[in-house]
Number of protein chains: 4
Amino acid sequence: MFVHVDPSNGIAIYDQIVRQVKFAVACDALKPGNLVPSVRELARDLTVNPNTVARAYRELQADNVLQPLRGTGLEITLAAPKKCLADRAALIRSRLRSVLGEARQSGLTAEDIRNLTEDELARLEPQGNQS
Amino acid sequence: MFVHVDPSNGIAIYDQIVRQVKFAVACDALKPGNLVPSVRELARDLTVNPNTVARAYRELQADNVLQPLRGTGLEITLAAPKKCLADRAALIRSRLRSVLGEARQSGLTAEDIRNLTEDELARLEPQGNQS
Amino acid sequence: MFVHVDPSNGIAIYDQIVRQVKFAVACDALKPGNLVPSVRELARDLTVNPNTVARAYRELQADNVLQPLRGTGLEITLAAPKKCLADRAALIRSRLRSVLGEARQSGLTAEDIRNLTEDELARLEPQGNQS
Amino acid sequence: MFVHVDPSNGIAIYDQIVRQVKFAVACDALKPGNLVPSVRELARDLTVNPNTVARAYRELQADNVLQPLRGTGLEITLAAPKKCLADRAALIRSRLRSVLGEARQSGLTAEDIRNLTEDELARLEPQGNQS
DNA sequence: GTGGTCTAGACCACC
DNA sequence: GTGGTCTAGACCACG
């Protein structure tokens, strides 16, 4: 299963589902034409209210990531991978911008920030080396 | 005045006040022993309910940034500057870590991230050049 | 129900609630994962304003005793029992120290204090014999 | 001077003055017939609002610790020493009772409490050995 | 239903 | 004048 939710981490559950579906699409774990689990099935697996799953799927349809397949379920759209990758990149860029802006405001020099970044990149290398 | 709030930016008003006071302390704009504006005065200036300001000040007391002088007002504590600087640094480090982590997960190479960072730093240079 | 408040005993109502919840946790009457009564329910039971209960619960969250389950309620955290027991012990130790210090300052001998203590312990024995 | 106030320790300033005068009387540092400093003088020395000192003296008169000496000032009454000692003893007894009660409620045995008490008494011995 | 935020207005003790 | 507490009632997002 590609979704896990934590009801006590502050992020809305429906939003956790939305993000993880998008992430799975961005990673090619879900490809266009694949069916996502039914609302009831996913709700049971996550021990979550079906309304919550339905809301997540509704948002994913509004975002053109999912589309209904008449009488069958919801499938990943053709446009989804491109969209999810773009969304993710835009999100990262905006978060990076905001944290760098705050860092500068706090009096860190550009050099300080480069060093911090290298530190953190070095910590990340060993594991997720998808580059 | 060192506080401005935007009631429609998603962040709770009381929290905007908390953050800005801490920021002002971190910047030495507010020093230990200084009195912050009274609850009523700040509420009037921000056209916000006094309870909202009081809540912000209460949280700042819980964080040991403000200290009551009975019948007189609230003053910045001696420990505040150290605390606010440390908080700010820790916050930036953790946010940087999380955004870099996500960037790597999304398949960006360390080099991609360095380039993105340099782009954003270059955009920030002209203005807030406090380094 | 594990909370009773006395609006006229000098201690703020929200603080009475905070203390009693912590006490209930320290006594294992509330265990990690248990939900506390909803803000509105407890407010009704105590015939107190919901904001007052909400404030108490907010402080308990700040103290890492309660944790929100979005849309569901507030649960006792895993760390709560340890924290509440430690808090209580530390509180008692510090109060005992301060009263003994004052007693000595007032010219009571160690023996006087021992006698006073035994008197009071004897008065307490019959009732709350939880030892 | 026998009074020191800390405006930021949570206890009302007027109350700090009241307590310290009573304590000085209980210790024989102030004896019946001694004059206390004038309101203005004490207010200047403590850099405190004269109203605050006046209020403290008013309470001390109400408690029959001070009495006006026509056109001269306020003097310690004859009854003051006995009263201050008794007050202090009563206060200590009630605080001891409350902390012991809480300790028992928390599950400490009488023996635990005796040990705690001995520990704290031992810590106090070296210094204030007025017994 | 749940908690979170905000407004409005009251009363208190303290300086 | 100051902060602290409490009440009352509104609106929001979430499940």
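In what follows, chains carry the letters A, B, and so on, assigned in the order in which the sequence lines appear, proteins first and then strands, with residues in each chain numbered from 1.
Screening residues 26-38 of chain B for salt bridge (charged side-chain N to carboxylate O under 4.0 Å, His left out) gives no qualifying pairs among residues at least two apart or on separate chains. Legend: salt bridge (charged side-chain N to carboxylate O under 4.0 Å, His left out) pairs involving residues 41-69 of chain B, not counting sequence neighbours, sorted by first then second residue: Lys22(B)-Asp63(B), Arg55(B)-Glu59(B).
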Per-nucleotide pairing state of DNA chain F [Watson-Crick or G-U, under 3.5 Å; [ ] pseudoknot-crossing; | other strand]: ||||||||||||||.
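By the salt bridge (Lys or Arg N to Asp or Glu O under 4.0 Å) test, Arg70(B) pairs with no residue at all, sequence neighbours left out. For Arg40(A), there are no salt bridge (Lys or Arg N to Asp or Glu O under 4.0 Å) partners at least two apart in sequence or on another chain.
The number of heavy-atom neighbours closer than 6.0 Å to CG of Leu35(C), taken from other residues, nucleotides and ligands shown, is above 12. Applying the 6.0 Å contact sphere to CD1 of Ile11(C) captures more than 12 heavy atoms from other residues, nucleotides or ligands.
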Reading nucleotides 6-15 of chain E 5' to 3', which nucleotides get B (base under 4.0 Å from a protein heavy atom), which S (sugar-phosphate only), which -? BBBB----BS
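Separating the CD atom of Glu59(C) from the C1' atom of dT5(F) is a distance of 12 Å, rounded to the nearest angstrom. Taking atom CZ of residue Arg44(C) and atom P of nucleotide dG3(E), one finds them 12 Å apart after rounding to whole Å. As rounded to whole Å, 14 Å separates atom C1' of dG3(E) from atom CD of Glu41(C). Distance, Tyr57(B) OH to dT5(F) C1': 18 Å, rounded to whole Å. For Leu42(C) and dT2(E), the CG to C1' distance is 14 Å, given to the nearest whole Å. At whole-Å resolution of the value, CG in Leu60(B) and C1' in dG4(F) are 16 Å apart.
The distance from atom CG of Leu42(D) to atom CD1 of Ile17(D), rounded to the nearest 0.5 Å, is 5.5 Å.
An OP1 or OP2 oxygen of dG4(E) is reached within less than 4.0 angstrom by a side-chain nitrogen or oxygen of Gln61(C).
The backbone N or O of Asp6(D) lies less than 3.5 Å from a partner atom in the side chain of Gln16(D), making a donor-acceptor pair.
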